[in-house]
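Scroll down for the structure; my scribbles are underneath it.
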Amino acid sequence: MQQKSKLFLQALKYSVPHLGKCMQKQHLNHYNFADHYYNRIKLKKYHLTKCLQNKPKISELARNIPSRSFSCKDFLPIKQENEKSLSENMDAFEKVRAKLETQPQEEYEIINAEIKHGGFVYYQEGCCLVRSKDEEDSDNYEVLFNLEELKLDQPFIDCIRVAPDEKYVAAKIRTEDSEASTCIIVKLSDQPAMEASFPNVSSFEWVKDEEDEDVLFYTFQRNLRCHDVYRATFGDNKRNERFYTEKDPSYFVFLYLTKDSRFLTINIMNKTTSEVWLIDGLSPWDPPVLIQKRIHGVLYYVEHRDDELYILTNVGEPTEFKLMRTAADTPAIMNWDLFFTMKRNTKVVDLDMFKDHCVLFLKHSNLLYVNVIGLADDSVRSLKLPPWACGFIMDTNSDPKNCPFQLCSPIRPPKYYTYKFAEGKLFEETGHEDPITKTSRVLRLEAKSKDGKLVPMTVFHKTDSEDLQKKPLLVHVYGAYGMDLKMNFRPERRVLVDDGWILAYCHVRGGGELGLQWHADGRLTKKLNGLADLEACIKTLHGQGFSQPSLTTLTAFSAGGVLVGALCNSSPELLRAVTLEAPFLDVLNTMMDTTLPLTLEELEEWGNPSSDEKHKNYIKRYCPYQNIKPQHYPSIHITAYENDERVPLKGIVNYTEKLKEAIMEHAKDPSEGYQTPNIILDIQPGGNHVIEDSHKKITAQIKFLYEELGLDSTSVFENLKKYLKF
């Protein structure tokens, strides 16, 4: 059976960028979950060598990409950048990372989509879409399509779907510097050939009709908006027709095929409300069936097993997710029966359905759990996972007897776990023990916010660190869209901990770490709660002996820039330096510009300042751009992308220029000992939103932080070399 992707809650990430494509290599025959809302991938060790014969390494790409930088150095007396030192440090960093990629236990590779169907594995090899017999010698593969025929710059396969009878394969192709995509349809035969291609495809799935004809459903994305569903067939009976159009511009459309392939679901949703239609996987030409008409504030997602629909929804009290079920032929909401209720302060990360079990991956009070529900007897087994774990990586799985997954943290690479249903036990991967378990500590702390709400924090530092008050601190925050703060493994974060830094992740309101209410308490006219939470977290860290303001730095990307920019305006004395990537800094003007592609979809998060004076006045209270004033500011390094469609470059440039003017005004009458902050805007080419694994970007940010704190930057590279030895 073709392995299926997940939908539950992952689709809510539609407005968040596809972040990077590098992660830890895994052993053969295991699968990973790529952090993209519908793509499942599997890694094979042998891919990297062949792929890089045709495709430059990311480090090489980073060295060759030009950029433009703007700095306060242009008009203020700030020490000059040592260009030679920067070049040497960048080369050293890239050389160490290159060595890191060759280590047997901690290897990294460019990830390409893979999918197993029937007796074949479909994947990208070099610049080609290929397939090989499952478990066969990796060098024995069949080339299906050469991506170079598309004449794109450095294309990669983002997602693969194989038709049920393996007559066709569809692949979504993207490039590093753009969110645009092309879906190609390849006919599988003795001489495979591309039969069709569709531009700007978002999600797509195959079904088979009563006459055994393959039917492809796909969604079309225009200006980041996805409102149209198309239905296409190929061969002698070729057709391509629009099947559905969503009229409400604040909603988007996403396709999901249930794990058993019985139903194709059309999911119509915005930030707070959803509606699902079912297409019969055996009769795709029949009209779709509505499960439940959209009700404002009600979210629901659907899986299927044995003629029953399992519905994850927030309907009813409390307004957190709960699992309900109903017969597939009576799907309306009045027939939904409560099946399982989550505890308060619980985030549902994912759900996987098996023949006799339903597995829920949960985050409760910021700790990870797995709940295994027996579908025959409704039994529930709750497993508390190791306290070091901060995130799940889901595995595709065709084995009904086992549920494999991985756990990771910002400083610890993913580790495999498998729950075996027959034994009712969780098994941990044995073998290499990561030394970080002995050399570092993870702490779960809480800060009391202004209104008394307790805000969770996750803190990492070296076990043998002495006098933590004198150690540098890097604080991470996001706090928007109900999204968790990203805590996947990043080698540069581990290097910082090894070099004596304290890392703190602040799970403020507006994010999703404690469930739906946690998000609701930090959006619209409660957005200032997130700012109060962030301020409380930093003050609590200082109060408990973790660093001090002169050694405190803060980092965020995208919408996380709102809270960081607001804190720089309201409490700049708490910080020494800030790094931002593709930050959202001009909330008011952006949300008043309805010509921008995401403005209407974002109204549920930020409000509608164009028609609601209350929303307008509230946004004015925290909007980073609106509240810049002549005062002391921390040094700020901003990375932006020239053709970013999600966060317009214009808003970032306007923010930077206004900030420069305020700093100049404040510098006219400086206080004793005043140091002029360094404001750097680094504009990278390309149209992607965030490129997580750019070595050039990472090097520049680390170098900036070390220089602003007056630390010896050579130590971090020495630490990278030590990192190679374990």
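Residues Asp499 and Tyr706 bring a donor and an acceptor atom of their side chains to less than 3.5 Å of each other.
Counting non-hydrogen atoms of neighbouring residues, nucleotides and ligands closer than 6.0 angstrom, the CG atom of Asp467 exceeds 12 such neighbours. Other residues, nucleotides and ligands contribute over 12 non-hydrogen atoms within 6.0 Å of the NZ atom of Lys658. The number of heavy atoms from other shown groups lying within 6.0 Å of CD (Glu573) is above 12. Within 6.0 Å of CZ in Arg441 there are 12 or fewer heavy atoms belonging to other residues, nucleotides or ligands. For Lys629, the NZ atom counts as densely surrounded, since its 6.0 Å shell holds more than 12 non-hydrogen atoms of other residues, nucleotides or ligands.
Counting only distance, with no hydrogens or angles, the side chain of Thr599 and the backbone of Asp593 share a donor-acceptor pair below 3.5 Å. A donor-acceptor distance shorter than 3.5 angstrom exists from the side chain of Lys527 to the backbone of Gly522, with no hydrogens or angles considered. Side-chain N or O atoms of Thr313 include one that pairs as donor or acceptor with a backbone N or O of Leu299 at under 3.5 Å. For the pair His227 (side chain) and Tyr251 (backbone), a donor-acceptor distance under 3.5 Å is present. With hydrogens and angles disregarded, no donor-acceptor distance shorter than 3.5 Å links the side chain of Asn314 to the backbone of Glu320. Proximity of a side-chain donor or acceptor of Arg444 to a complementary backbone N or O of Pro387 within less than 3.5 Å is detected. Judged by distance alone, the side chain of Asp484 and the main-chain N or O of Lys486 form no donor-acceptor pair under 3.5 Å. Here the side chain of Ser274 pairs no donor or acceptor atom with the backbone of Met269 at under 3.5 angstrom. Judged by distance alone, with hydrogens and angles left aside, the side-chain atoms of Glu513 form no donor-acceptor pair with the main-chain N or O of Lys347 at under 3.5 Å. With hydrogens and angles disregarded, no donor-acceptor distance shorter than 3.5 Å links the side chain of Asn223 to the backbone of Arg225.
The aromatic rings of Phe321 and Tyr301 lie tilted to each other, with the angle between the two planes from 30° to 60°.
Under the 4.5 Å side-chain criterion, counting only non-hydrogen atoms from C-beta, Ile636 is not in contact with Ile680. Contact of the Leu468 side chain with the Lys471 side chain is registered, since non-hydrogen atoms from C-beta on lie closer than 4.5 Å. A heavy-atom distance below 4.5 Å is not found between the side chains of Asp586 and Tyr655. Between Tyr641 and Ile683, every side-chain heavy-atom pair lies at or beyond the 4.5 Å cut-off. Looking at His364 and Lys384, their side chains never come closer than 4.5 Å, going by heavy atoms from C-beta outward. A heavy-atom distance below 4.5 Å is found between the side chains of Val477 and Val564. Residues Asp498 and Ile436 are in side-chain contact: their nearest non-hydrogen atoms beyond the backbone lie under 4.5 Å apart. Looking at heavy atoms from C-beta onward, Ile663 lies out of side-chain contact with Gln631 at the 4.5 angstrom threshold.
The heavy-atom pair separating Ser547 from Ile502 by the smallest distance is N-CD1, 4.0 Å. Nearest approach of Asn627 to Lys620, heavy atoms of both residues: ND2-O, 2.9 Å. Shown here for Pro410 and Tyr505, the closest heavy-atom pair between the two residues is CB-OH, 3.2 Å. Between Leu709 and Ser550, the shortest heavy-atom contact is CG-O, 4.2 Å. Minimum interatomic distance between Gly500 and Lys462 (heavy atoms only, all atoms of both residues): N-CD, 3.9 Å. Residues Val455 and Ser449 come closest through the heavy atom pair CG2-CB, 4.1 Å.
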Verdict with supporting geometry, Thr639 and Asp682, side chain to side chain donor-acceptor pair (under 3.5 Å): CA-CA 5 Å; Thr639 303; Asp682 180 12; 4.7 Å; no
Steps toward side chain to side chain contact (heavy atoms under 4.5 Å, CB included) verdict (Glu605, Met591): CA-CA 10 Å; Glu605 181 70 23; Met591 293 307 299; over 6 Å; no
Verdict with supporting geometry, Thr553 and Thr579, side chain to side chain contact (heavy atoms under 4.5 Å, CB included): CA-CA 8 Å; Thr553 64; Thr579 64; over 6 Å; no
Asp644/Leu649 under side chain to side chain contact (heavy atoms under 4.5 Å, CB included): CA gap, chis, key distance, verdict: CA-CA 7 Å; Asp644 189 338; Leu649 180 61; 6.0 Å; no
Intermediate values then yes/no, side chain to side chain donor-acceptor pair (under 3.5 Å), Glu708 and Ser635: CA-CA 7 Å; Glu708 291 301 322; Ser635 292; 2.7 Å; yes
Intermediate values then yes/no, ring-ring contact (aromatic ring centres under 6.0 Å, His included), Trp606 and Phe584: CA-CA 12 Å; Trp606 309 101; Phe584 190 25; 5.3 Å; yes
Evaluation steps, side chain to side chain contact (heavy atoms under 4.5 Å, CB included), between Ile698 and Arg490: CA-CA 11 Å; Ile698 292 168; Arg490 300 296 311 165; 3.8 Å; yes
Derivation and outcome, side chain to side chain donor-acceptor pair (under 3.5 Å), residues His542 and Thr552: CA-CA 9 Å; His542 292 163; Thr552 297; 2.7 Å; yes
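Note that CG of Asn589 is 7.0 Å distant from SG of Cys623, once rounded to the nearest 0.5 Å. Separating the CG atom in Leu659 from the CG atom in Asn654 is a distance of 12.5 Å, to the nearest 0.5 Å. Rounding to the nearest 0.5 angstrom, the gap separating the CG atom in Leu473 from the CG atom in Leu554 is 9.0 Å. Considering CG of Leu705 and CG of Leu551, their distance stands at 12.0 Å, rounded to 0.5 Å. Atom CG of Asn366 sits about 10.5 Å away from atom CE of Met457, to the nearest 0.5 Å. In this structure, CE in Met592 is found 9.0 Å from CD1 in Ile619, a value given to the nearest 0.5 Å.
Paired with Tyr481 under the rule side chain to side chain donor-acceptor pair (under 3.5 Å), one option of His519, Glu602, Glu604 passes, and it is Glu602.
In this structure, Asp521 does not pair ionically with Arg509, as no charged nitrogen and carboxylate oxygen lie closer than 4.0 Å.
By the side-chain contact (heavy atoms from CB on, under 4.5 Å) test, Leu531 pairs with Leu528, Leu563, Ala566, Leu567, Ser570, sequence neighbours left out.
No cation-pi contact links Arg412 to Phe460, judged by a cut-off of 6.0 Å to the six-membered ring centre and 45° from its axis.
Centroid-to-centroid, the aromatic rings of His507 and Tyr478 stay 6.0 Å apart or farther.
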